[in-house]
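First up is the structure itself, then whatever we jot down about it.
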Amino acid sequence: MTAPAGATALTATAATPALEIRDLVVRYGSGRKARQAPPAIDRVSFDIAPGETVGLVGESGSGKSTIGKAVLGLQRPTSGTVKLHGQDITAMSLKQRSRLVADLRVVFQDPYSSLNPARTIGQTLVEPLRLMGIKGPQAVEKARAGLESVGLPADAVDRYPSQFSGGQRQRIAIARALVCEPKVVVLDEPVSALDLSTQAQVLNLLADLRDQRGLAFLFIAHDLGVVRFLSQRTVVLYRGQVMETGPVEAVSQAPRHPYTVALTAAAPVPRPAEQRARRTAREAAGFGTAGAAAPSATGCPFVPRCPLATDVCVTERPPLRLVEGTEAACHHAERLKDLGAPHRSQARGGPLHRGRGAADA
Ligand SMILES: Nc1ncnc2c1ncn2[C@@H]1O[C@H](COP(=O)(O)OP(=O)(O)OP(=O)(O)O)[C@@H](O)[C@H]1O
Ligand code: SF4
Ligand SMILES: [Mg+2]
């Protein structure tokens, strides 16, 4: 990509990840009490290759948005590093980051609050272009082309957000993120606020744009089924720690971590009979609920909810280790069959829709 005037030219080699997160720790607040509380993000590391989508999944409060905010510079990490195309951007100020507008962009969850109601769509779209030194008719032309690329008419530039539906607004938010032709996009629950059929349309649009432009996505969602649709790899987060990571098909069809098993079993499915069977299987496996007691600071965070927990789980934090093709942070991953989890060799096309990300992998 040629960086226009005012934008940062980041050179990348094929071997350089588009995004690299290393040993990220984020603590909110200050003072002794905050230091004693468990961090919101606790030593998280993963990479995203150019053109790759990594799905970050976990239940509410697991820390997904906090990682997104640390990448975007909206929350300063306590320690660890974030690199964009090999350049350390961890400590960059927001002002310095405005020069990254051509490289790193975001789409947020709520299409109603993320667009300024007092500005026309055209004004909203030319704003990031101005940071790149693109102004006047050239910027308006790019805004019109951006709207067409997301399936909206070019004359939408003269209209206001209130004149569009939720799905159309999310398309506008995507156009705003992509108008500067970035290489890395953080998508924080971009379809959660949309109805099911609009979700599918927006996910397909994102997959098409990614494939056409070679974009790298950090795709945040709480539903492994949605993550599977768009991603090649997934990172499963619980209480700020990575529980499991690997190819999305393997992780979603035959999880190797008890938390991923619980997350998969809890995912909503459109067929009531299957939903009932999943609930029964989950109850039989003995998983605790999300509100279970806080874990000890030293061991595995899933102890209070885990039917496989033993003494070592309380005293030693399990490291991520390779278990049948994915990495799982569990002392007893090999005992998952006791919970009725499918063996990886049994995994095949499952009940979830076939993922675009998986198909492309
Ligand atoms: N500004 C903040 N100040 C203090 N604590 C915060 C702040 N933002 C988030 N947290 C805490 O950090 C943890 C992770 O929050 P985060 O928003 O990253 O979770 P999430 O996985 O994105 O959840 P959701 O799926 O609900 O969006 C939670 O315990 C949350 O309460
Ligand atoms: S380390 Fe222990 S408590 Fe944690 S998920 Fe594995 S078996 Fe369960
Ligand atoms: Mg969030």
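Note that ligands are numbered from 1 as they come in the structure, with each ligand's atoms numbered from 1 the same way.
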To check your reading of the model: name the closest protein heavy atom to atom 17 (O) of ligand 1, its residue, and the distance in Å.
S65 CB, 3.9 Å

Might you check, step by step, whether the distance between atom 2 (C) of ligand 1 and some protein heavy atom is under 4.0 Å?
yes

H257 vs F302 aromatic rings, parallel, tilted or perpendicular, using cut-offs 30° and 60°?
tilted

Run the salt bridge (Lys or Arg N to Asp or Glu O under 4.0 Å) test on R22 and D47 for me, step by step, so that the C-alpha distance in whole Å, both residues' side-chain angles and the decisive distance to 0.1 Å come before the verdict.
CA-CA 8 Å; R22 281 289 168 278; D47 292 345; 3.0 Å; yes

E189: numbered ligand 1 atoms lying under 4.0 Å from its heavy atoms:
25 (O)

Please tell me whether Y238 and T260 have a donor and an acceptor in their side chains that are separated by less than 3.5 angstrom.
no

Can you check atom 31 (O) of ligand 1: any protein non-hydrogen atom closer than 4.0 Å?
no

Taken to the nearest 0.5 Å, the spacing of F229 CZ from N204 CG works out to 4.0 Å

V185, L209: one ILVMFWY side-chain cluster at the under-4.5 Å cut-off?
yes

Nearest candidate to atom 23 (O) of ligand 1, where distance is taken over non-hydrogen atoms, out of G61, G63, S192, S62
G61

Q138 side-chain N/O to K135 backbone N/O, donor-acceptor pair under 3.5 Å
no

When distances are taken from atom 15 (O) of ligand 1, the protein heavy atom at minimum range is T66 OG1, 3.7 Å

Quick one: do L237 and V303 end up in the same hydrophobic cluster if we chain Ile, Leu, Val, Met, Phe, Trp and Tyr together by side-chain heavy atoms under 4.5 Å apart?
no

Any N/O/S atom of S60 sitting less than 2.8 Å from the Mg ion (ligand 3), backbone or side chain?
no

Suppose we measure from atom 25 (O) of ligand 1 to each protein heavy atom; which comes out shortest, and what is that distance?
K64 NZ, 2.8 Å

Apply the side-chain hydrogen bond (donor to acceptor under 3.5 Å, both in side chains) test between Y259 and each candidate in E244, R239, E59, Q241; give the one that qualifies.
E59

What part of Q75, side chain, backbone, both or neither, has a heavy atom within less than 4.0 angstrom of ligand 1?
neither

For atom 4 (Fe) of ligand 2, how many protein N, O or S atoms come closer than 2.8 Å?
1

Pair S114-R176, side-chain contact (heavy atoms from CB on, under 4.5 Å): steps then yes or no:
CA-CA 11 Å; S114 66; R176 177 180 56 184; 4.0 Å; yes

contact_flag Q109 ligand 1 heavy-atom lt 4.0 Å:
no

Would you kindly say whether S60 and H222 are connected by a side-chain donor-acceptor distance under 3.5 Å?
no

When distances are taken from atom 9 (C) of ligand 1, the protein heavy atom at minimum range is Y28 CE1, 3.4 Å

Sub-3.5 Å N/O-N/O distance, H222 and ligand 1:
no

Have a look at ligand 1 and work out which part of S60, if any, has a heavy atom under 4.0 Å from it: side chain, backbone, both or neither.
both

Using side-chain heavy atoms (C-beta onward) and a distance below 4.5 Å, is S231 in contact with T234?
no

Examine distances only and state if a side-chain atom of E181 and a backbone atom of R213 form a donor-acceptor pair shorter than 3.5 Å.
no

Go through the side-chain N and O atoms of E316 and H331 and say whether any donor and acceptor fall under 3.5 Å apart.
no

Any atoms of ligand 1 less than 4.0 Å from a non-hydrogen atom of A40? List them with their elements.
12 (O)

